[in-house]
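Structure first, then comments.
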Amino acid sequence: MSTNEDHEDLQPTNTPGYKPSAAKTVEEYAKLDAEDESLARWKASLGINADAPAAPASGPKITVLTLELQSSSLPAGKTIKLDVQNNALLADTKKNPIVIKEGVEYNVRITFKVNHSLITGLRYIQVVKLAGIKVDKLEQMLGSYSARAEPYTKDFESEESPSGMLARSGHYSVKSRVVDDDGATFVFSDWGWSFKLAKEW
């Protein structure tokens, strides 16, 4: 269960002076500045065109499917993939946290579906705590996407896992959130999971 502190921690960073434009439907975007060639190319890259059928606007705009940890140091055949839709598996990580080897380079891959509408300024936010104390916050820009049947994947920049006895001293709790440009409207679910650092995978 999220607390008020979790909610505050998971707020996206605001860029001074930037104000998102009002939300529009895919059809409105298709008709917007139709004579602008560069804008037309951008819209085409998102699969937006004036002839596109209207997508049903019921249910969540976004469904996050998996988070996957990728590293060249992982043993052959080993994968670390978190099924975000599996609440039982997420809860189980509190007792059996995901093991991440200390001091290795890794990156995270997120897989998600855009169910309807056009999503702009999509971001992934993650807050990591150890013994209730915030030790890290990650905010990753994912981009803008239109609805389609196939999932999207996005690879985050590589980083190095912490190392040392102190880093290995407990289980880390993580709260994750995906949010779009309209930071005041959190229509996408939060989820929690846990990991620990060890000398080996």
Side-chain angles (χ1 to χ4, degrees), residues 2 6-70 81-87 89-90 107-128 137-159 174-193:
S2 292
D6 289 332
H7 181 71
E8 290 300 316
D9 285 340
L10 289 167
Q11 291 281 358
T13 302
N14 293 320
T15 303
Y18 173 69
K19 184 178 179 183
S21 60
K24 293 179 175 60
T25 67
V26 173
E27 293 75 24
E28 288 171 327
Y29 273 113
K31 294 173 184 171
L32 183 68
D33 295 326
E35 70 285 349
D36 186 324
E37 288 184 21
S38 62
L39 185 58
R41 285 192 297 273
W42 175 76
K43 290 189 288 186
S45 74
L46 293 174
I48 299 171
N49 63 67
D51 301 324
S58 60
K61 291 181 183 179
I62 294 283
T63 303
V64 179
L65 302 173
T66 61
L67 279 182
E68 183 176 357
L69 190 142
Q70 301 176 313
K81 186 181 282 191
L82 190 62
D83 180 354
V84 176
Q85 295 299 305
N86 188 332
N87 290 330
L89 182 126
L90 292 175
N107 74 284
V108 172
R109 169 177 286 179
I110 189 169
T111 304
F112 59 94
K113 283 187 71 176
V114 178
N115 300 315
H116 59 83
S117 306
L118 174 71
I119 306 299
T120 59
L122 195 65
R123 282 181 269 186
Y124 171 79
I125 302 170
Q126 169 181 292
V127 173
V128 180
K137 179 176 180 179
L138 167 71
E139 188 168 344
Q140 176 74 42
M141 179 59 76
L142 303 178
S144 299
Y145 302 89
S146 63
R148 71 177 193 186
E150 302 81 23
Y152 290 97
T153 61
K154 174 79 174 180
D155 291 337
F156 297 0
E157 293 179 11
S158 294
E159 51 188 306
V174 185
K175 289 285 185 181
S176 298
R177 169 178 286 174
V178 172
V179 62
D180 68 0
D181 233 353
D182 184 8
T185 307
F186 293 103
V187 294
F188 314 133
S189 62
D190 300 346
W191 68 94
W193 51 286

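- Rounding to the nearest 0.5 angstrom, the gap separating the CG atom in L122 from the NZ atom in K61 is 10.5 Å.
- Shown here for V174 and S176, the closest heavy-atom pair between the two residues is CG1-OG, 3.8 Å.
- I62 approaches V178 most closely through the heavy-atom pair CG2-CG1, 4.5 Å.
- Partners of V108 by side chain to side chain contact (heavy atoms under 4.5 Å, CB included), not counting sequence neighbours, listed by chain and number: L67, Y106, F156.
- If you take CZ on R177 and CH2 on W191, they are separated by 10.5 Å, rounding to the nearest 0.5 Å.
- Contacts of D155 classified as salt bridge (Lys or Arg N to Asp or Glu O under 4.0 Å), with partners at least two apart in sequence or in another chain: R109.
- In this structure, D190 and K175 have side chains that are not in contact, with every pair of non-hydrogen atoms separated by 4.5 Å or more.
- The distance from atom NZ of K81 to atom CD of Q70, rounded to the nearest 0.5 Å, is 9.0 Å.
- Taking both residues in full, the closest heavy atoms of S144 and G121 are given as OG-N, 3.4 Å, listed atom of the first, atom of the second, then distance.
- Using a 30° and 60° split on the angle between ring planes, F112 and Y145 fall in the perpendicular class, above 60°.
- Between N107 and E157 the shortest heavy-atom distance is CB-O, 4.0 Å.
- The residue from I119, L142, T120 that alone fulfils the side chain to side chain contact (heavy atoms under 4.5 Å, CB included) condition with D180 is I119.
- Summarising the geometry of T111 relative to P151, their closest heavy-atom pair is CG2-CB, 3.8 Å, with the distance given to 0.1 Å.
- The shortest distance between side-chain heavy atoms of L89 and W193 does not fall below 4.5 Å.
- Rounding to the nearest 0.5 Å gives a distance of 11.0 Å between CG of L65 and OG1 of T153.
- Atom OG1 of residue T66 and atom CG of residue L82 lie 8.5 Å apart, to the nearest 0.5 angstrom.
- Applying the salt bridge (Lys or Arg N to Asp or Glu O under 4.0 Å) rule to pairs touching residues 112-122 yields nothing, sequence neighbours excluded.
- Annotation: the span from E68 atom CD to I110 atom CD1 amounts to 12.0 Å, rounded to 0.5 Å.
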